[in-house]
Amino acid sequence: MKLHELFGKGRTVFSLEIFPPKRTDGIETLYTTLDRLTAVKPDYISVTYGAGGSAANNLTCRIASDIRSRYGIEPLPHLTCLYNTRGQVDAYLAELSAAGIENILALRGDRVADMEVSGEFAHASDLAAYIGQRGDFNCVGACYPEGHPECPSLDTDIDNLKIKLDAGVTHLNSQLFFNNEDFYAFLDKARARGINVPIEAGIMPVINARQISRMVANCGASMPAKFARIIARYENDPQALMDAGMAYAIDQITDLIASGVDGIHLYTMNRPEVASRVWEAVKNML
Ligand code: FAD
């Protein structure tokens with residue numbers, strides 16, 4: 001099934017993101033995680049891919065294939081292109097095709113210090129266009145409600161997003177954000193620019209202090225005062241931070257669903273309790 005077929009049916013799509021274990025021997029733990037994650041019956045599960053090439057990348061396709069065959073859930077394997085050659089992309093696509101996988105999240109990937117780019121793909125749109133010529137895959141793309149950190153302005157980033165759509169991307173998953181107003185303002189601008197594909201809102205419940213600085217440094221998401229107060233008060237109290245972080249995320253999701261968002265894409269951090277708590281709180285609203 002092509003994932004864009006999920007949308008426009010009068011309900012909010014609910015999807016999850018997981019990452020592969022760093023080593024092959026972590027795969028059994030991941031299956032225990034998936035046993036619990038799949039209990040919330042997500043519309044699909046996306047599986048990340050390391051931009052700089054890593055052992056875990058060999059697992060992305062295998063895990064995606066198992067999500068489909070073991071759990072009967074549609075997988076969305078990611079693929080980055082900055083450091084991959086066309087030959088490497090072809091090999092990955094052949095593997096996905098053999099596993100009956102029809103959907104790919106086409107990404108550029110973050111820059112890795114001191115690593116030489118392949119020079120064959122500069123942007124995610126190049127990868128999406130290439131995949132489009134290579135078989136019957138449906139391409140999903142990434143978008144940034146506050147603008148991509150390398151881009152000088154949100155307007156320019158949205159112009160670049162349009163190029164990604166013209167290259168064949170049929171739906172978008174957003175970077176995480178903590179202020180729904182940023183997402184709504186982005187949606188208005190994107191729609192005005194003719195970006196009419198479904199856009200899922202990316203939500204990551206903050207459940208431990210370690211996540212916070214890493215997230216803000218990596219994705220540039222701004223921190224509203226309401227959220228900063230939670231961090232300041234509970235960052236040294238793990239259980240309270242977990243409860244407050246979940247409550248904040250559930251509040252964000254409730255507002256997004258009420259405003260008619262196309263979908264919620266939950267960054268689970270491979271923590272099934274995060275998905276279950278969100279699911280229990282919002283399942284009747286979806
Ligand atoms: P692009 O769409 O190529 O955009 C990157 C920058 O280039 C932007 O500033 C954009 O404005 C600009 N740009 C784009 N097209 C053009 C053009 N034609 N001309 C000029 N400028 C252009 N990273 C991983 O390594 N692995 C993952 O699995 C992963 N999963 C992710 C999932 C989601 C939902 C999101 C939001 C991000 C994910 N990332 C992942 C991070 C992502 O790889 C980085 O944010 C990366 O820096 C940009 O990737 P992109 O596909 O959005 O790039």
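All values derive from a computational prediction rather than experimental measurement. Counting starts at 1 for both ligands and their atoms, in listed order.
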Peer 1: Using 4.0 Å as the upper bound for N to carboxylate O, is an ion pair formed by Glu280 and Arg277?
Peer 2: no

Peer 1: Atoms of ligand 1 less than 4.0 Å from Asp157 heavy atoms?
Peer 2: 8 (C), 9 (O), 10 (C), 11 (O)

Peer 1: Considering only heavy atoms from C-beta outward, does the side chain of Glu74 approach that of Asp43 to under 4.5 Å?
Peer 2: no

Peer 1: Applying ring-ring contact (aromatic ring centres under 6.0 Å, His included), which residue pairs with at least one partner in residues 182-211 are found, sequence neighbours left out?
Peer 2: Phe177-Phe183

Peer 1: Which of the atoms in ligand 1, numbered in the order shown and given with their element, are less than 4.0 Å from a heavy-atom of Leu107?
Peer 2: 27 (C), 28 (O), 29 (C), 30 (N), 31 (C), 38 (C), 40 (C), 51 (O)

Peer 1: Do the side chains of Val13 and Ile264 get nearer than 4.5 Å, heavy atoms only?
Peer 2: no

Peer 1: Less than 4.0 Å between a side-chain N and a carboxylate O, is that true for Asp155 and Lys162?
Peer 2: no

Peer 1: Under 4.0 Å from any heavy atom of Asn173, which atoms of ligand 1 are there?
Peer 2: 34 (C)

Peer 1: So Tyr248 and Val206, do their side chains get closer than 4.5 Å, heavy atoms only?
Peer 2: no

Peer 1: At under 4.0 Å between heavy atoms, is it the side chain or the backbone of Tyr144 that contacts ligand 1, or both, or neither?
Peer 2: side chain

Peer 1: Can you name the atoms of ligand 1, numbered from 1 with element, that are less than 4.0 Å from a heavy atom of Thr80?
Peer 2: 24 (C), 25 (O), 26 (N)

Peer 1: According to the ring-ring contact (aromatic ring centres under 6.0 Å, His included) rule, which pairs have a member within residues 110-145, sequence neighbours left out?
Peer 2: Phe121-Tyr130, Tyr144-His148

Peer 1: With heavy-atom distances below 4.0 Å as the criterion, list the atoms of ligand 1 near Leu105.
Peer 2: 32 (C)

Peer 1: Could you tell me how the ring of His265 sits relative to the ring of Tyr44: parallel (under 30°), tilted (30 to 60°) or perpendicular (over 60°)?
Peer 2: parallel

Peer 1: Residue-level breakdown please: for His123 versus ligand 1, do any non-hydrogen atoms fall below 4.0 Å on the side chain, on the backbone, on both, or on neither?
Peer 2: both

Peer 1: Any idea which atoms of ligand 1 are less than 4.0 Å away from a heavy-atom of Thr48?
Peer 2: 28 (O)

Peer 1: Checking contacts here: is it the side chain or the backbone of Arg108 that comes within 4.0 Å of ligand 1, counting heavy atoms only? Could be both or neither.
Peer 2: both

Peer 1: For ligand 1, is any non-hydrogen atom under 4.0 Å from Phe121's backbone (N, CA, C, O), its side chain (CB onward), both, or neither?
Peer 2: neither

Peer 1: Record the part of Lys164 in heavy-atom contact with ligand 1 below 4.0 Å; permitted values are side chain, backbone, both and neither.
Peer 2: side chain

Peer 1: Hey, does the side chain of Asn270 reach the backbone of Ile18 with a donor-acceptor pair shorter than 3.5 angstrom?
Peer 2: no

Peer 1: Looking only at protein heavy atoms, which one is nearest to atom 24 (C) of ligand 1, and what is the separation?
Peer 2: Tyr49 O, 3.4 Å

Peer 1: Mark yes or no for whether Arg68, through its side chain, and Ala99, through its backbone, hold a donor-acceptor pair below 3.5 Å.
Peer 2: yes

Peer 1: State the atoms of ligand 1, each with its element, that fall below the 4.0 Å cut-off from a heavy-atom position in Tyr267.
Peer 2: 33 (C), 34 (C)

Peer 1: Counting non-hydrogen protein atoms only, what is the nearest one to atom 47 (O) of ligand 1? Give residue, atom name and distance.
Peer 2: Asp110 OD1, 2.6 Å

Peer 1: Indicate, as side chain, backbone, both or neither, the part of Ile163 found under 4.0 angstrom from ligand 1 when only non-hydrogen atoms are considered.
Peer 2: side chain

Peer 1: In terms of residue, atom name and distance, what is the protein heavy atom nearest to atom 43 (O) of ligand 1?
Peer 2: Gly109 CA, 3.0 Å

Peer 1: Quick test: of every protein heavy atom, which one is nearest to atom 28 (O) of ligand 1, and how far off is it to 0.1 Å?
Peer 2: His78 ND1, 2.8 Å

Peer 1: Counting non-hydrogen protein atoms only, what is the nearest one to atom 9 (O) of ligand 1? Give residue, atom name and distance.
Peer 2: His148 ND1, 2.9 Å

Peer 1: Is the side chain of Ser118 donor-acceptor paired with the backbone N or O of Tyr83 at a distance under 3.5 Å, no angle test?
Peer 2: no

Peer 1: May I ask you to list the atoms of ligand 1 that are less than 4.0 angstrom from any heavy atom of Ala142?
Peer 2: 35 (C), 36 (C), 52 (O)

Peer 1: Within the structure, does at least one protein heavy atom fall under 4.0 Å of atom 4 (O) of ligand 1?
Peer 2: no

